[in-house]
Amino acid sequence: MTNLTRRQFGKTLAGTAAAAALATGSFSRMALAQVPSAKSLHFPSGFLWGCATASYQIEGAANEDGREPSIWDTFSHTPGKTFQGDTGDVADDSYHLYKEDVKLLKNLGVTGYRFSVSWSRIFPKGTGKVNEKGLSYYDRVVDELLKNNIAPYITLFHWDLPGALPGGWQSRATSHAFAGYAAYVSRRFSDRVSHFFTTNEFVCFTDLGYKSGKFAPGLKLPDAQVNQIRHHAILGHGLAVQAIRATAKSGTQIGLAENANVYVPVIETREHIEAARRATREGNAAFLTAVLEGKYTDAYLQRAGANAPKVEAGDMKAIGSPLDFVGLNVYTPEYVRASASPVGYSVERRQASYPRMASDWIYIGPEVIYWAIRNVSDIWKPRALYITENGCSADDVVNADGRIEDTDRVMYLRNHLTHLHRAASEGYPIKGYFLWSLLDNYEWADGYSKRFGVHYVDFKTQKRTPKLSAEWYREVISQNAVE
Ligand code: NOJ
């Protein structure tokens, strides 16, 4: 109760059944319903509330209407690569059930929906002949969203690279192919879609795909090649920004969705805050720093030594193409302190008792969302920022009444939004928040074993059921505030 004084609160109650109930101590359910809800943390008006998903994780219809395999189709069908051999062949079948999914969005009251386009639905071979049937699926999705007053936010690349592109991101030609595809899609949709994200989470389709091999295409290459792949990825982003600017409707807003490492100062003192800032630049040197500065840091190049990427003339200019906004996918913090080390900071090791959610990599530290925004804003001063993903997996169960009481997810979200509010109230240019995810879906190598949705999906029947977190999020959106 921070926005009402006790006296005001008393006054509001005076004369109501609730006041009487309070006085007599018999606080019935009915009286409670009349107590004004004391949401204290209001977001700026016009703040965008949304949900996010991605094509391979929800669409299914893997072989329908001319779509050809992406590297994730091949990878997930390779024995031993994903949890119990799970694939995205059917996923949430959103290809057929998209109207139902838009209804879920509508019921939540969101004003934006971030989803991705499957490249190999549009260009089955990655380049060349376009597949009209693929395009018309996204026409239907976009039109359905608009009919329901939900703004579409399109991610152009969320890891499902067309399998037909020789060498994938190992080849520089893929960066150019991506720009061509991005230009085509944005030209086609920019009459109805005003925001485009080029790529989603560089590290997941470069390092995890080509270094650890945990994600598609499942390779384990040496550092020099990985650094080159990283370079092709950010080059692809930069060339796409240029190509979209040249072809899409003028005023189209372009950014990316990046899971930058987020450094939280161990204590909020000047020296540790400074350390977090230094760590943000160096800890993201291969990706976000290069994109926002148009260069690799000296320390990154020094660390890479002979393995540094080969950069051609014009590459860094393209990579540093000005953006309209930066999107941040935020899940988990790294704690950092000032130190006498050459880089001026050190990252703290997490204790075994540090709390996590159902995925072992989601350590809970809600202040991460504030520091993500603050570090990036203080260093690079982007025009606008979005949280393009935030959410968590939880061990959801359907109880005897058919409800999913995901109080742990609500705890996670509530606390993150509290810290998001701090960033907004301090004047950082944060424009919106996309919750990951609208519904349980294909969690990549973890298959269907990890649930991130605010809607529970029965993968046998495709039945969607709102969880407690969906009810809670709807309330946040309707109040434009978090309690
Ligand atoms: C980030 C990715 O963009 C998304 O595809 C994934 O499902 C979530 N994080 C959760 O891991």
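Heavy atoms only: backbone and side chains are in, while hydrogens, waters and symmetry mates are out.
The backbone N or O of Val336 sits nowhere less than 3.5 Å from a side-chain atom of His272 that would complete a donor-acceptor pair.
Donor-acceptor pairing under 3.5 Å is lacking for the side chains of Tyr263 and Asn375. At a cut-off of 3.5 Å, with distance as the only test, a side-chain donor of Asp160 or Ser55 sits close to an acceptor on the other residue. Inspection of the Tyr335 and Tyr363 side chains reveals no N or O donor paired with an N or O acceptor under 3.5 Å. Donor-acceptor pairing under 3.5 Å is lacking for the side chains of Gln462 and His96. Judged by distance alone, the side chains of Ser116 and Tyr56 never bring a donor and an acceptor atom under 3.5 Å apart. Checking Ser70 against Asp73 by side-chain atom types alone, a donor-acceptor pair falls below 3.5 Å. Under 3.5 Å, the side chains of Asp101 and His455 contain no donor-acceptor pair of N or O atoms. Using a 3.5 Å distance cut-off with no hydrogens or angles, the side chains of Thr297 and Glu282 do pair a donor with an acceptor.
Taking the six-membered ring where tryptophan is involved, the planes of Trp444 and His158 are essentially parallel, since the angle between them stays under 30° and well short of 60°. In this structure, His195 and Phe325 have tilted ring planes: the angle between them lies in the 30° to 60° band. Ring geometry, Phe452 versus Tyr331: the interplanar angle exceeds 60°, so the pair is classed perpendicular (tilted spans 30 to 60°).
Residues passing the ring-ring contact (aromatic ring centres under 6.0 Å, His included) test with Tyr345, sequence neighbours excluded: none.
Residue Asp440 is tested with Gln57, Lys450, Lys467 for a side chain to side chain contact (heavy atoms under 4.5 Å, CB included); the sole match is Lys467.
Within 6.0 Å of NZ on Lys214 lie no more than 12 heavy atoms contributed by other residues, nucleotides or ligands.
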